[in-house]
Amino acid sequence: MPSFICSLLRYASRNRYNNPSVMSPLVKTYVPFATKLTKKLDSNQKYEVCRKLKECVKTLNTLQSNAQTLEKTRLTRDKLAPLHVPNMVKWASRVGITLDDIDRLKVIHVSGTKGKGSTCAYCESILRHQGFKTGFFSSPHLVEVRERFQVNGQPLSREKFVTYFWDVFNKLEATKEQNNDSMPAYFAFLTLMAYNIFLKEQTDVAIIEVGIGGEYDSTNLVRKPVVCGVTSLGMDHVSILGNTIEKIAWQKAGIFKPGVPAFTSPQCPEALKVLHERAEEKGCHLEVAPHFASYERPGEKFKLGIAGHMQKVNASLALQLTRTWMKTQGVLKDEVVNEVAVNGHGDIGVAKSFPFNQTLINGLVECKWLGRNQTIKKNRLTYYLDGAHTLESIQQCVDWFQKHSKREADSISGKVIKILLFNTTGDRDVTQLLRPLMSCGFDGAVFCPNISYTTSSSADITNMTVSSETQLQKCQHNMETWKILSLSKRKYGEIEEVTEDDSQSGTCSSSLKNGVHTNTENNCLNGTSSLKKSKLTENCNNSNLSTGHVDYSQSHDNVDQSKQNSYTASSSSCTDSQGLGTPKQLGTNCDNFFVNFSCIYDALLWASHGRDQNLKDPCNLPAQIHGADHVQVLVTGSIHLVGGVLGIVSDDYN
């Protein structure tokens, strides 16, 4: 900012309230001008930072493997996997980072299937409340890639992200030619960047969440973490880690290091056996985190900062990890251990609990972790967000949603509608994930890929590892699976198994061609309409979705043409006991609507029924649910979907 403007504003602020008469006419004239100019300069500066950030993320995305390359890599994954960590060491050296440097970061390293991020978030909050400067590397990000790097509980600023990004990228680029054009892939690059950031920021502790697995994960170049943790294990990423819990446990325990204490959340016997064997193989001492209740003293009750019943499991593991970290740093005073009896787990002992102090409680209570058991309340609308994507986490999500949505509905005098917004990706079993959600009694289900907008999306959430066509096909498969589960539940009173063939070529055979869905079985679910190429906002109010008819004959000239979108609007009429197609009123725990959109924005526009002010486009609503007094929208199945929703509806990002 020009110095004369600064001087003018300082002079004005000193004198205008004490004695406005002393301000000369010249000053009175130029103060408003200077204020406006300052705001404009600030705005230009912010724009420039955002422009530089966008350039960084665009360059970062060039390190993503495209879908074709990724498919070829999968064929040789077993041979290449053992090279990941040695390659990380080489790339770190090119950036100017040694293994000794990383050891100085005093790392807490955490692997697992479910609860890794939450456990790390508790660790970060606990140590920050103890007065330590914390660094926290997590994945994936929800909205902006810089969220993966936290310093003292705050995402890395845009300005610092730009600086640290080019610091690492330019060093790698400059040494690429003499290293066979070798460059790290997307996640490996971000891992290098994380270690570089925490070294430059001089954090007291670096809390590192494993990406996938552990043994061959990019984060595993750390030789001497202070302590390691394994959260609850389950079946996920089976094409990479293996198709049994034993194989997955073997990979997750790969972060264990000789002489480094390790803790695990309670596991099934098969997983625990492998963890124990790996601990002995690696030469480390492994203990099971105790039940959360064993820490509490009589009358001592408080609410954890992250909702959900599994959070007590994650918090207990975090308490053991942080206490061990503080012990090794010589900063923890001796305290009397609670004499609480806990059962052992075979050959693995259960760690001792200890009494809370107020600082520990503050760290647990004030911990925040967006996108997990999170609610956003708006006018006559509530979003329930949970990035659950395994069977166990979906079951926990169902428990959480049923409890809190019922509590909210009971407080509302009037009609409450429940809508599911769902997507899942990769090789996950969609039937397994959708089946528990059937018990929630949704009045409608909306499906879309993890694409924010049809016209353009933020570079931060660009995914080049899978094609748009594949995402849309997966989304269509998700919706067809839900249809079959719904029909089975109504017809037989129970949910039958759904196979891949059932949802693609069985009772509800369908295909997706150029964004247009053609239903080859017109009477599939007693009234399923075909997907039509149309604007989302075209005359949905004139639709009789309960009979499978959608009227697209009218249009609205004021609709943004960029939001033109293909979608499926289908319905499954609730039938009577004779199987006749007699539609019932909405709000009776019957899955009436199935809608498939090609982007998150349009899915939200429909699911929220026009009640969210962050969704600017007009949308006529289905007549059957237009009169609802309140709408509850559960968003789940994918943390990337949750991130896309947050980026659109959360005031923090708008």
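Numbers here are sequence positions counted from 1.
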(message) Please enumerate all residues that pass side chain to side chain donor-acceptor pair (under 3.5 Å) together with Q374, with sequence neighbours excluded.
(response)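 Applying side chain to side chain donor-acceptor pair (under 3.5 Å) to Q374 gives none.
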
(message) If the condition is side chain to side chain donor-acceptor pair (under 3.5 Å), which residues does T636 pass it with, not counting sequence neighbours?
(response)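 Residues passing side chain to side chain donor-acceptor pair (under 3.5 Å) with T636: none at all.
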
List the residues meeting salt bridge (charged side-chain N to carboxylate O under 4.0 Å, His left out) with [X], not counting sequence neighbours, and say none if there are none.
X	answer
R51	E48, E55
K406	D410
K303	none
K368	none

In a table with atom names and distances, give each donor-acceptor pair under 3.5 Å that connects a side chain of residues 304-314 to protein atoms at least two apart or in another chain.
residue: Q311; atom: OE1; partner: N314; partner atom: ND2; Å: 3.3

(message) Would you compute the distance between atom OG1 of T481 and atom CG of L434 and round it to the nearest 0.5 angstrom?
(response)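 Atom-to-atom, T481:OG1 and L434:CG are 6.5 Å apart.
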
Could you tell me which residues satisfy side-chain contact (heavy atoms from CB on, under 4.5 Å) with [X], sequence neighbours excluded, listed by chain and number?
X	answer
T470	V466, S467
A185	none
P140	R148, I639, H640
E209	K116, C120, S138

(request) Inspect the surroundings of NZ in K378 and state if more than 12 heavy atoms from other residues, nucleotides or ligands are less than 6.0 Å away. (result)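 For K378, atom NZ is crowded (more than 12 foreign heavy atoms under 6.0 Å).
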
(message) Around atom CD of Q613, are there more than 12 heavy atoms from other residues, nucleotides or ligands closer than 6.0 Å?
(response)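 No, the 6.0 Å shell around CD holds no more than 12 heavy atoms from other groups.
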
(request) Please work out which of the three classes, parallel, tilted or perpendicular, describes the rings of F137 and F149, given edges at 30° and 60°. (result)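 Taking F137 first and then F149, their aromatic rings lie parallel (interplane angle under 30°).
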
(request) Quick one: list whatever passes ring pair (Phe, Tyr, Trp, His ring centres under 6.0 Å) with Y383, sequence neighbours left out. (result)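 Y383 satisfies ring pair (Phe, Tyr, Trp, His ring centres under 6.0 Å) with no other residue.
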
